[in-house]
Every structure is written in C-alpha cells, then in structure tokens.
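Taking it in order: structure first as structure tokens, then the write-up.
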Amino acid sequence: MAWFQQRGVKLKTEADGRIFPTSDCSATIVDCLLGAVGRLGIDLRLRQPVRQVQRSEQGFEIILATGASLSCDRLLLATGSSPAGYRMAQSLGHSLVPPVPSLFTFTIRDAALCNLAGVSLDGVSLRLELADGQTFNQQGPMVITHWGMSGPAVLRLSAYGAIALHHHHYQGRLTVNWLPALSQESIRQTLTGLKIDQGKRSVISLCPFPLPRRLWQYLVQQRTGLETERTWSNLSKAQLQALVKSLTADPYRITGKGAFKEEFVTCGGSP
C-alpha cells in the first residue's frame with residue numbers, strides 16, 4: 001500500500017478493511033505499475049508463453065514456447081492458478097499446497113430467500129459450522145442473491161474456510177445474526193414494548209429495526225412462521241422468542257458455492 005501511495009496513488013480503506021484507489025478504477029493501479037516499468041527500464045514481453053524453467057550457473061534459464069531462452073539471477077513466478085505455473089515451481093524444488101477455490105459466494109436452496117435478490121445489509125454477523133466441528137466467524141456487509149448469499153462478509157468467510165469447505169464438498173451450516181449491534185435481550189425488550197404500544201398493528205407491517213422491509217417480511221413469515229394478519233398484541237411468548245431467534249440466530253444450510261470459475265482467487269499453491 002505504501003509503495004502505491006509513494007507514487008501518487010490515493011487509496012481509501014473501506015469499513016470492512018478492503019483497500020481501493022479513491023478513483024474506484026482498476027486502471028489506476030495498472031497505470032501505476034506500467035509507469036514503474038517504464039521508469040525502471042524493465043523489458044516487458046507480452047504473449048510469450050514460458051515452456052520450461054531450469055536452474056543454470058547464472059541462476060535460471062527460461063525457455064520460451066518459441067524456443068528462445070532468457071537468463072536471470074532471480075526469478076518470480078506469478079502464474080495465478082495456472083497448473084503449468086505449479087509444475088514449474090515444483091520442478092525447482094518448491095512444495096505445493098493443493099489449490100482450491102477461495103473468495104466465493106454461498107449457494108442456499110431457499111426460494112423465498114432468493115426472491116429477495118438485491119437486498120443488501122451494511123453489517124451482519126456470520127457463523128459457519130462444518131460437520132467435523134470446525135467453525136468460522138465473520139462480520140460485515142452482505143447481499144442476498146438469486147442463488148444464496150454474497151458480499152464482503154461471505155467472501156471473507158469463504159476465504160478463511162476455503163480448504164475446510166473444499167474438504168466438506170461446500171456443505172455446512174450458516175447462522176446469520178441480522179442485528180449484531182443489538183443484544184438478544186434488547187431486541188426482546190423492543191418487541192415486548194410493541195405488544196403494549198402498537199398492539200393493533202400487524203407484526204409484518206411494523207419493523208422497529210433498521211432492516212430492509214422485504215427482509216423483515218421474510219423473517220416474520222418464512223423464518224418465524226407468523227401469519228400476515230398476526231398483530232403485536234396477539235404475539236405469544238413462544239412466537240416472540242422465535243422472532244428474536246430469527247433476527248439473531250437464523251440458520252441456513254449451505255449446499256454449494258457459486259458457479260465454477262466465478263471465484264476471485266485460489267487458496268493454496270506454492271508457499
């Protein structure tokens with residue numbers, strides 16, 4: 001980050017820790033890197049696939065697909081998730097952590113949830129539990145999609161749990177706290193107050209929390225099982241507690257990750 005700032009690139013840090021140029025344009029980073037290439041007189045060669053890398057007396061010899069060779073005393077392999085890059089690293093004696101997808105979205109088979117596609121929240125708390133007892137936690141922005149859940153909190157959760165999720169075939173239990181800034185007791189008190197002050201209003205029509213209207217209706221009807229006409233005064237203790245649970249410990253079953261090749265990065269590779 002400091003390297004870019006020293007070269008005049010203005011950066012900003014999002015609330016969830018992600019760093020972007022203030023221009024919100026990836027070309028800003030590309031232009032900065034290409035500018036450094038020009039200033040340093042670096043020989044930039046494009047569209048010249050590398051066929052093989054081997055050690056030499058000078059350091060390394062790089063054999064291009066054309067048959068030409070290059071020599072260097074230091075070598076940096078930056079091949080992304082290319083299997084050819086992994087093979088080159090292994091041929092030079094490096095170990096390899098089996099690569100798996102990382103930074104992906106979660107597939108959740110819940111038609112009612114997926115009908116909320118596009119609904120976003122500034123901050124939720126997520127807990128991922130796997131069959132072997134491993135757990136992962138994240139907090140931050142989230143967005144509901146037509147196949148499940150995405151957004152920064154989900155992507156970070158998939159990154160920390162990438163290897164474990166791969167071993168469990170992308171199956172697990174995801175618990176969502178839609179109101180992480182509030183305690184269960186404070187939420188319960190707020191709902192109890194509505195039974196007294198807004199007793200004639202229907203539960204589905206009155207949300208006392210900063211949640212999108214469509215999400216509140218989904219949580220009331222689909223997750224808590226309340227009828228559309230249920231009023232606050234007719235809300236039983238058990239139903240009130242069920243609503244508190246839907247707001248703070250809402251469980252979902254992850255049945256897979258987003259479509260293949262939609263992942264952002266790879267976890268693993270050469271250390």
Side-chain angles (χ1 to χ4, degrees), residues 1-50 72 74-86 88-89 99-108 114 116-126 136-162 165 176 180-181 210-212 214-215 256-271:
M1 185 173 69
W3 187 89
F4 285 106
Q5 291 175 322
Q6 291 168 4
R7 284 150 184 81
V9 177
K10 295 181 178 179
L11 302 173
K12 61 178 179 178
T13 302
E14 301 287 333
D16 61 358
R18 294 174 300 158
I19 299 174
F20 295 100
T22 56
S23 65
D24 284 325
C25 180
S26 59
T28 300
I29 301 299
V30 174
D31 291 342
C32 180
L33 293 173
L34 290 177
V37 167
R39 288 192 302 272
L40 297 173
I42 296 173
D43 181 13
L44 185 62
R45 302 195 181 193
L46 305 177
R47 297 181 179 85
Q48 295 191 32
V50 176
C72 60
R74 292 178 179 84
L75 178 68
L76 171 65
L77 285 176
T79 59
S81 57
S82 168
Y86 297 145
M88 289 178 191
V100 298
S102 182
L103 288 181
F104 49 80
T105 61
F106 291 155
T107 298
I108 297 172
C114 295
L116 301 179
V119 169
S120 61
L121 299 104
D122 291 334
V124 300
S125 180
L126 303 177
F136 303 87
N137 298 276
Q138 278 297 321
Q139 190 165 328
M142 191 187 79
V143 61
I144 299 172
T145 68
H146 65 267
W147 63 88
M149 296 180 182
S150 184
V154 170
L155 295 177
R156 286 203 305 274
L157 194 60
S158 74
Y160 284 105
L165 279 164
V176 182
L211 294 173
R214 289 198 296 152
L215 176 61
K257 62 180 180 63
F260 178 61
K261 294 189 177 180
E262 286 187 355
E263 305 89 355
F264 287 87
V265 297
T266 299
C267 175
S270 182

**Residue list, side-chain hydrogen bond (donor to acceptor under 3.5 Å, both in side chains) with Ser120, at least two apart or on another chain** = none
**Request:** Answer yes or no: does atom OH of Tyr160 have more than 12 heavy-atom neighbours from other residues, nucleotides or ligands under 6.0 Å?
**Result:** no
**Item:** Interatomic spacing from CH2 in Trp147 to CD1 in Ile108 - rounded to 0.5 Å
**Value:** 11.5 Å
**Evaluation steps, side-chain contact (heavy atoms from CB on, under 4.5 Å), between Val119 and Val143** = CA-CA 6 Å; Val119 169; Val143 61; over 6 Å; no
**Message:** Distance check, rounded to the nearest 0.5 Å: His146 atom NE2 versus Cys114 atom SG?
**Reply:** 8.0 Å
**Asked** Is there side-chain contact between Leu165 and Phe104, with at least one heavy-atom pair below 4.5 Å?
**Response** yes
**Asked** What's the spacing between Arg7 CZ and Leu33 CG if we round to 0.5 Å?
**Response** 10.0 Å
**Request:** Can you measure from CG (Leu157) to OG1 (Thr105) and round to the nearest 0.5 angstrom?
**Result:** 12.0 Å
**Asked** Are the side chains of Pro212 and Leu121 in touch, meaning some heavy atoms are under 4.5 Å apart?
**Response** yes
**Message:** Do Thr22 and Leu11 make a side-chain contact, defined as non-hydrogen atoms from C-beta onward lying under 4.5 Å apart?
**Reply:** no
**Under 3.5 Å donor-acceptor, Thr107 side chain and Lys257 backbone** = yes
**Prompt:** Between Gln138 and Ala153, what is the shortest heavy-atom contact and its length?
**Reply:** CB-O, 3.8 Å
**Fill in**
So CZ of Arg156 and OG of Ser102: to nearest 0.5 Å the spacing works out to 12.5 Å
**Asked** If we ignore angles and hydrogens, is there a donor and acceptor under 3.5 Å between the side chains of Thr28 and Ser23?
**Response** yes
**Message:** Would you compute the distance between atom CD1 of Ile19 and atom CD of Gln5 and round it to the nearest 0.5 angstrom?
**Reply:** 8.0 Å
**Heavy-atom check, side chain of Pro21 versus side chain of Phe4, under 4.5 Å** = no
**Closest heavy-atom pair and its distance - Val154, Met142** = CG2-CG, 3.8 Å
**Prompt:** For atom CG of Asn137, is the number of surrounding heavy atoms from other residues, nucleotides or ligands below 6.0 Å larger than 12?
**Reply:** yes
**Request:** Write out all pairs satisfying salt bridge (Lys or Arg N to Asp or Glu O under 4.0 Å) with one or both partners inside residues 21-31, taking only residues at least two apart or from two chains.
**Result:** Lys12-Asp24
**Complete:** Nearest heavy-atom approach of Ser150 to Thr145 is CB-CG2, 3.6 Å
